[in-house]
Amino acid sequence: MKLPESFYQQTNVVKVARQLLGKGLYTRIDGEVTGGIIVETEAYSWKERGSHAYGPQGAKRTPRNAIMFDKGGHTYVYLIYGMHYLFNVVTNRPDVADAVLIRAIEPLEGVEIMKARRGKLTNPFHLTSGPGKLTKALGIDRKWNGKSLLDNEVWIEDFGRKTPSKNIEASPRIGIDYAGEDAKLPWRFTLKGNRWVSK
DNA sequence: TCGGCGATTCGCT
DNA sequence: GCGAATCGCCGAA
C-alpha cells in the first residue's frame, strides 16, 4: 500500500526519517518498475544549518529549495558536485521546509534494469548504496524535482511492517561539516547490519 | 556578473 | 587513501 499524504505531513521530520526505514521506494519509467527497501535516511529541518532552507533570520527560500516549502508528499531532487542527483522526500505542512534525504536502498525490483543504468560494477553491493547511486539506478534526474509521491511515477510503499527500534541505528549526518554544531545532530538513520548502507 | 564550492562517486595508487 | 570530474547555485560586488 502506498504511503498516504498524511504520512508526509507529519510535523516531526526526524520521526519521519526513522519511519521511512523499511519502506519501499519505487519509480516507473516507460512501464518499467524499479525499486528497493529504504535502509538509510537523513532528516533536514529548516531550523538547522545542515538544511538548504536554513537562514540566520529564519527559513530561506531560493529557486533551488522552493519545493521544500510546498506541502509534504513531494520530491526534492537537486544536482550536487555537478554530476550526482540526490533524492529527498518533502515533509511537514506548507511553508515549513523539512525534508528527508534517502541515502541508500536495498535492491528489490527491476534489478537488471538498475544494473544497466549503473553501468559496470565490480561489487553488487554498490548498486544502490549511496544517495547518488540510488538515483542513477532508479532513473531519477532533475526532471523529477517537485513530483507528487501519491502518483504512479515515483512513490513509497508501506509493507505493513514496523521496524523495531533496536534495528535502527542513529549517527551524525554525512558531508555537512559546514553546519558547525548542527553537524553533530544524530539525524542519520540506518537499518543495523544492512549491507547496502553507504560507507 | 563573478567565483567558490557542494547532503558524491569512481578510478588509480 | 587521494584527487578529479563537472555545473548550477548562491552570496558578494
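By convention in this document, chain letters (A, B, ...) are assigned in the order of the sequence lines, proteins followed by strands, and residues within each chain are numbered from 1. FYI, side chains are in, hydrogens and waters are out, and symmetry mates aren't considered; it's all heavy atoms of this structure.
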In whole Å, measure the gap between the C1' atoms of dC5(B) and dG3(C) for me.
16 Å

At under 4.0 Å between heavy atoms, what does K60(A) touch on the DNA or RNA strands: base, sugar-phosphate, or nothing?
sugar-phosphate

Under 4.0 Å between any heavy atoms, over every strand shown, what does R142(A) touch: base, sugar-phosphate, or nothing? Just pick one.
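R142(A): backbone/sugar contact only, no base atoms under 4.0 Å.
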
Identified stems (criterion: three or more consecutive Watson-Crick or G-U pairs, under 3.5 Å), DNA chain B
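Correct response: B:1-6 with C:7-12, B:8-12 with C:1-5.
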
With a 4.5 Å heavy-atom cut-off, do [X] and [Y] have their side chains touching?
X	Y	answer
R188(A)	S198(A)	yes
L20(A)	V16(A)	yes
M68(A)	W46(A)	no
E106(A)	V197(A)	no
T135(A)	D141(A)	no

Is NZ or CZ of R173(A) both nearer than 6.0 Å to the six-membered ring centre of Y44(A) and within 45° of the ring axis?
yes

Taking the six-membered ring for Trp, are the ring centroids of F87(A) and Y85(A) within less than 6.0 Å of each other?
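No, too far apart.
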
Sequence-aligned protein contact record of nucleotides 3-13 of chain B, with B where the base is within under 4.0 Å of a protein heavy atom and S where only the sugar-phosphate is:
---BBBSS---

Do the side-chain N and O atoms of [X] and [Y] include a donor-acceptor pair separated by under 3.5 angstrom?
X	Y	value
H52(A)	Y76(A)	yes
T34(A)	T27(A)	yes
N152(A)	K2(A)	yes

For DNA chain C, note the earliest and the latest nucleotide, 5' to 3', having some atom under 4.0 Å of a heavy atom belonging to chain A.
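The protein-touched segment is dA5(C) to dG11(C).
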
